[in-house]
Amino acid sequence: MGNKMLKVNIQKELKEFDLDVDFELKNKRLGILGPSGCGKSMTLKSIAGIVNPDSGLISLNGTVYFDSSNKTNLKPQKRNVGYLFQNYALFPNMTVDENIAIGLGKDYDKNHLSEIIKRFHLNGLEKRYPRQLSGGQQQRVALARIMAYGPDVILLDEPFSAMDTFLKEQLRLELLNSLEDFDGFSIMVTHNRDEAFQFCDELIVLDNGKVIAKGDTYQIFENPGKVQVARLTGCKNISKIEIIDDYHVKSLDWGLELEVSKKVSPNITHIGIRAHDFSSARENDLNAFDTLGSTKIEMPFEWEITLANGLWWKYDKQIHEHEFVVPDYIKIDPKNIILLEE
């Protein structure tokens, strides 16, 4: 099937903002990260054909799903797309095997059905109804039903939002394993940066309907580029700056002068420091400052230290280490200071 590619370039006027999303996906797994109500689900629904954009183009491996210029608009049933809804949308009056069989079409092969049931660890649950299943089991049935009809794209809409933390961890692993041998594309919408990082080869960051970052997931976390992207990827410390010279800035929020490792261009307005990136220091070390007036809180696996100037420091600990003395000075390595545009 030649070069696989999903192209999405759509515009839609919404009440709160105008959605304008443009990307090409060649890798298997894409994440769309952004706050609630920024247009993430609307993007998925447009790909699935549940919602029609005002203008644009959606195509998969050369098949056009939607093209406003020549009025092409394939019905959802004609698009080979599987959509995992937040609430899984199982048929309540059908058993597990009946729910999954729907994905297989009319004259399905019984052996194929039992293979799928085995693959999704649903053995023994075939005759149960959705209400008799746990959230995790329901999710597996929904995913099995989608996989049964062999989609080219699987769309995952906040698949873990309704679950408690313990279940989330378990299901993330299960979902990763289920998608491991899936040959098509998957797109996951989430506002959780850990999920985005864990799942996705590529990432798009959406804010108010606009793509504010796209690219390799690791690179976006390492170098978010913009203030809002840094926030959404979990950067706790962000400050406005004044540029002193090519490699020195003054943080206006923390009152510190700091050396950075990359040349500061005039469009840099802020810096970011991730909370785990500080280390203890001596007074004269580069980028060192004192910790006078700091407060610390013990968490199960880290100490959270809030410094008098408002900086957050997270220090990893062992579960039984109940003592930690905050050093008099801590420092930040110039290469761990992230340069950001507004």
Side-chain angles (χ1 to χ4, degrees), residues 6 28-32 40-51 60 65 74-190 192 195 199:
L6 173 67
K28 280 171 65 169
R29 292 200 288 259
L30 173 75
I32 302 181
K40 302 188 300 288
S41 291
M42 193 58 83
T43 303
L44 285 197
K45 288 180 173 135
S46 301
I47 296 169
I50 300 168
V51 164
L60 176 71
Y65 283 180
L74 288 191
K75 289 191 162 70
Q77 303 81 315
K78 295 262 187 279
R79 302 182 185 202
N80 206 10
V81 171
Y83 198 118
L84 186 70
F85 291 92
Q86 277 179 4
N87 59 359
Y88 311 136
L90 296 172
F91 297 106
N93 54 344
M94 287 187 182
T95 59
V96 166
D97 53 8
E98 289 168 337
N99 261 291
I100 296 170
I102 281 185
L104 291 169
K106 282 200 182 71
D107 307 312
Y108 68 87
D109 173 355
K110 291 267 196 316
N111 293 336
H112 187 28
L113 177 62
S114 52
E115 268 168 36
I116 292 171
I117 281 170
K118 209 157 96 190
R119 184 171 149 207
F120 284 90
H121 311 296
L122 295 164
N123 319 47
L125 303 174
E126 294 90 339
K127 299 300 169 211
R128 287 197 191 172
Y129 290 93
R131 64 175 180 282
Q132 299 169 308
L133 303 174
S134 70
Q137 290 164 340
Q138 287 182 27
Q139 185 182 73
R140 291 210 298 272
V141 175
L143 203 57
R145 183 176 66 189
I146 288 170
M147 292 294 207
Y149 72 78
D152 294 317
V153 184
I154 292 176
L155 306 175
L156 304 154
D157 195 349
E158 300 266 7
F160 309 111
S161 57
M163 291 175 196
D164 61 44
T165 316
F166 169 70
L167 200 57
K168 259 186 202 165
E169 287 304 316
Q170 205 181 337
L171 275 173
R172 275 186 204 167
L173 287 171
E174 284 184 14
L175 187 54
L176 265 174
N177 291 336
S178 306
L179 292 175
E180 208 39 60
D181 45 3
F182 172 58
D183 195 31
F185 295 115
S186 59
I187 301 179
M188 178 197 274
V189 150
T190 180
N192 180 308
E195 281 167 24
F199 260 93

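Atoms considered below: every heavy atom in the structure, side chains included; atoms not considered: hydrogens, waters and symmetry mates.
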Q: Return the minimal non-hydrogen interatomic distance between Ala144 and Leu122, and the atom names on each side.
A: CB-CD1, 4.3 Å
Q: Between atom CG of Leu155 and atom NZ of Lys45, what is the distance when rounded to the nearest 0.5 Å?
A: 11.0 Å
Q: Given side chains that start at C-beta, do those of Leu84 and Ile146 come closer than 4.5 Å, heavy atoms only?
A: yes
Q: Which heavy atom of Pro92 sits nearest to which heavy atom of Pro130, and what is that distance?
A: O-CD, 3.7 Å
Q: Using every non-hydrogen atom in the two residues, find where Gly103 and Tyr149 come nearest and quote the distance to one decimal.
A: O-CB, 2.6 Å
Q: Any pair with a residue in residues 92-114 that passes side-chain hydrogen bond (donor to acceptor under 3.5 Å, both in side chains), sequence neighbours left out, goes on the list, sorted by first then second residue, please.
A: Thr95-Asp97, Thr95-Glu98, Asp97-Lys127, Asn99-Arg145
Q: Closest approach of Lys28 and Gly184, non-hydrogen atoms and distance?
A: CG-O, 3.9 Å
Q: If you round to the nearest 0.5 Å, how far is CD1 of Ile32 from CD of Glu158?
A: 11.0 Å
Q: Apply side-chain contact (heavy atoms from CB on, under 4.5 Å) to Lys78 and list each qualifying residue two or more places apart in sequence or on a separate chain.
A: Leu74, Lys75
Q: Is it the case that the side chain of Arg128 and the backbone of Leu133 share a donor-acceptor pair, with hydrogens and angles ignored and the cut-off at 3.5 Å?
A: no
Q: Could you walk me through whether Tyr65 and Val81 pass the side-chain contact (heavy atoms from CB on, under 4.5 Å) check?
A: CA-CA 10 Å; Tyr65 283 180; Val81 171; 3.7 Å; yes
Q: With rounding to the nearest 0.5 Å, note down the distance linking CG in Leu125 to OG in Ser134.
A: 8.5 Å
Q: Would you check if Leu60 and Arg79 make a side-chain contact, meaning some heavy-atom pair closer than 4.5 Å?
A: no
Q: How long is the gap from CG on Leu44 to CD1 on Ile187, to the nearest 0.5 Å?
A: 6.5 Å
Q: Got Tyr129 and Leu90 here, is their nearest side-chain heavy-atom distance under 4.5 Å?
A: no
Q: Compare every heavy atom of Pro76 with every heavy atom of Gly49, then report the nearest pair and how far apart it is.
A: O-CG, 3.4 Å
Q: So do the side chains of Leu104 and Ile116 get within less than 4.5 Å of each other, counting heavy atoms only?
A: yes
Q: Between atom CD1 of Ile117 and atom CD1 of Ile100, what is the distance when rounded to the nearest 0.5 Å?
A: 4.5 Å
Q: Atom CZ in Arg29, atom CG in Leu156: separation rounded to 0.5 Å?
A: 10.5 Å
Q: Is there a donor-acceptor contact under 3.5 Å from the side chain of Gln139 to the main chain of Gln137?
A: no
Q: Please enumerate all residues that pass ring pair (Phe, Tyr, Trp, His ring centres under 6.0 Å) together with Tyr83, with sequence neighbours excluded.
A: Phe85
Q: Going through the distances and angles, do Ile154 and Met147 end up as a side-chain contact (heavy atoms from CB on, under 4.5 Å)?
A: CA-CA 8 Å; Ile154 292 176; Met147 292 294 207; 3.5 Å; yes
Q: Quick check: do Phe185 and Leu30 have side-chain heavy atoms less than 4.5 Å from each other?
A: no
Q: Which pair of non-hydrogen atoms, one from Phe182 and one from Val153, has the smallest distance, and what is that distance?
A: CZ-N, 4.3 Å
